[in-house]
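Working notes for the structure below.
Remember, it's 1-based here, ligands and their atoms both numbered in the order they're listed.
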Amino acid sequence: MTKFIFITGGVVSSLGKGLGSAALGALLQARGYSVRLCKMDPYLNVDPGTMSPYQHGEVYVTDDGAETDLDLGHYERFTGRPAVQMDNITTGRIYTNVLARERRGDYLGATIQVIPHITDEIKAFIKEKDGTADFVLVEIGGTVGDIESLPFLEAIRQFGNEIGRERALYLHVTLLPYIAAAGEIKTKPTQHSVKELMSVGIRPRILLCRSDMPISDDERDKIALFCNIDHDAVVPALNASSIYEVPLTYHNEGLDTQVIKHFGLEDKAPDLSVWEKIVQRVKEPEGTVKIAIVGKYTNLTDSYKSLNEALCHGGIANNVKVDIKFIEASVFEKEDPAAYLHDVDGILVPGGFGERGAEGKILAAKFARETKTPYFGICFGMQMAVIDAARHLAGIKDASSSEFGECDTAVVGLMTEWAKGDKKEKRGEDTDLGGTMRLGAYPAKLKSGTKIADIYGTADIHERHRHRYEVNTNYVESLEKEGLVFSGMSPDGLLPETVEYKDHPWFIGVQYHPELKSKPFDPHPLFVSFIKAAIEKSRLV
Ligand code: GLN
């Protein structure tokens with residue numbers, strides 16, 4: 001029978017609850033159990049798709065086309081289990097569902113209330129996972145004490161009560177701040193946070209205590225005493241030097257053992273060899289390559305979470321450390337790109353939206369093309385590379401994207417129709433913006449003899465998409481004449497999916513997001529190949 005682990009956070013946000021959940025998932029897997037992880041987000045947006053990455057970090061896209069919280073990326077990278085739409089829910093979606101049902105008349109006669117209608121809807125989301133894995137880990141976004149979290153806490157309290165202690169575990173992630181003046185770790189915020197949880201009827205059985213400093217036995221005792229928890233269930237969670245070390249450090253501190261003990265399961269040693277190997281490679285690289293990410297959300301690296309990780313995976317596969325240099329694209333509008341890019345081994349222009357920074361990205365693609373620096377253009381990064389080719393090779397001086405306003409030479413234009421399986425999706429200028437892009441896994445066909453087909457080792461690929469604009473096929477012929485090969489197309493031949501230059505060591509643009517599928521133990525071939533090309537470039541200098 002499925003066991004449920006509810007993970008809440010206290011004291012402050014950004015404690016790495018998502019990472020902790022993912023690492024626990026990996027540890028349970030290493031003990032031979034199947035796991036499924038999901039996240040409940042208390043904000044009112046129906047999904048994070050319309051939020052700025054500055055607000056909420058990257059939007060993670062699943063195969064089935066959901067725009068979800070970036071923690072689902074951690075879950076997938078740590079467990080290998082592909083995330084699905086039903087692994088993420090928000091208050092906005094819960095209310096949308098309940099209100100749609102109210103309008104349909106499903107609750108005729110009743111007054112719709114937070115309890116029971118909203119809490120029942122949350123419970124239904126959790127219950128849907130029953131039977132799908134040995135362990136279901138449910139992470140509750142936000143911090144205990146937030147007004148928005150209350151219905152979620154009430155729902156998990158009720159759910160735990162219904163299934164019983166043998167099948168439910170509450171794990172609370174807290175912070176033990178170090179006060180330098182006193183030279184001490186402080187336990188009071190944790191005590192308050194546990195009290196707050198207890199006041200809504202939830203008694204955590206395990207505390208995962210984030211701290212910059214080692215936590216002494218006395219301090220563990222104190223927390224155990226005041227929070228009503230076993231000494232061993234107060235698990236120290238110190239900062240790790242790499243996120244892939246987290247499963248190992250948490251295991252050493254006994255996290256998975258405590259979970260197993262709670263459920264009365266046999267405590268056999270997990271097989272952590274995969275993680276040991278990854279960590280060893282991360283810690284002992286044979287060299288370093290420098291990759292520039294020319295983007296727009298460069299001062300919040302969470303905006304490019306999966307990308308940073310995929311680059312790291314490419315490094316792991318090649319035994320090198322990848323140093324990422326974030327460059328705000330708009331600086332190239334005033335300054336010479338060479339001043340920033342002359343010393344990098346590879347240039348990556350990631351996904352993006354809107355006009356700001358676009359000219360800088362076009363210039364980054366131009367620089368990479370002209371100097372034969374490896375270039376990886378992802379989604380927007382491919383579109384900007386195509387605009388560079390149109391403007392500077394094919395002589396279409398005003399080439400642009402209709403994303404930036406009306407234009408007669410929209411080499412990149414709004415996608416109004418595309419095939420999804422055997423159905424047609426249609427969009428217009430006035431379609432809602434939320435959830436209406438070409439989202440999720442779509443197949444593409446790669447042309448044989450191209451570099452990208454060689455890298456994948458197959459002509460048929462499935463990759464995750466998130467875009468509203470596409471390269472206009474009317475320009476394909478004139479661009480191919482200039483050496484830009486359209487190496488991959490949608491199976492119906494209507495949408496360009498990948499481009500590359502023949503006479504360049506490594507210049508590839510893809511309309512999809514390969515970074516979303518890369519894992520430390522299964523790095524994405526494009527990232528492996530890109531980093532390899534960067535290593536070769538670094539040797540030339
Ligand atoms: N803004 C572009 C589009 O909608 C690119 C999107 C992206 O990079 N994810 O097509």
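- Annotation for Asp408: atom CG does not count as buried by contact number, only 12 or fewer foreign heavy atoms lying within 6.0 Å.
- Checking each of Tyr456, Tyr512, Phe530 against His524 for a ring pair (Phe, Tyr, Trp, His ring centres under 6.0 Å) leaves exactly one that passes, namely Tyr456.
- Among Glu497, Glu417, Glu67, the one residue that satisfies the salt bridge (Lys or Arg N to Asp or Glu O under 4.0 Å) test with Arg438 is Glu497.
- Side-chain N/O atoms of Arg77 and Ser306 include a donor and acceptor closer than 3.5 Å.
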Find all protein N or O atoms under 3.5 angstrom from an N or O atom of ligand 1 and list the pairs with distances, or write 'none'.
from, atom 1, to, atom 2, distance (Å)
ligand 1, 1 (N), Gly352, O, 2.9
ligand 1, 1 (N), Glu403, OE1, 2.8
ligand 1, 1 (N), Glu403, OE2, 2.9
ligand 1, 4 (O), Arg468, N, 2.9
ligand 1, 8 (O), Gly352, N, 2.9
ligand 1, 8 (O), Gly352, O, 3.4
ligand 1, 8 (O), Phe380, N, 3.1
ligand 1, 9 (N), Arg466, O, 2.8
ligand 1, 9 (N), His513, NE2, 3.1
ligand 1, 10 (O), Gln383, NE2, 3.1
ligand 1, 10 (O), Arg468, N, 3.1
ligand 1, 10 (O), Tyr469, N, 2.8
ligand 1, 10 (O), Tyr469, O, 3.3

- Let me see the working for His313 and Phe527 under ring pair (Phe, Tyr, Trp, His ring centres under 6.0 Å), right down to the final yes or no. CA-CA 7 Å; His313 305 161; Phe527 284 90; 8.3 Å; no
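- Using a cutoff of 4.0 Å between basic side-chain nitrogens and carboxylate oxygens, Glu500 and Lys447 are not scored as salt-bridged.
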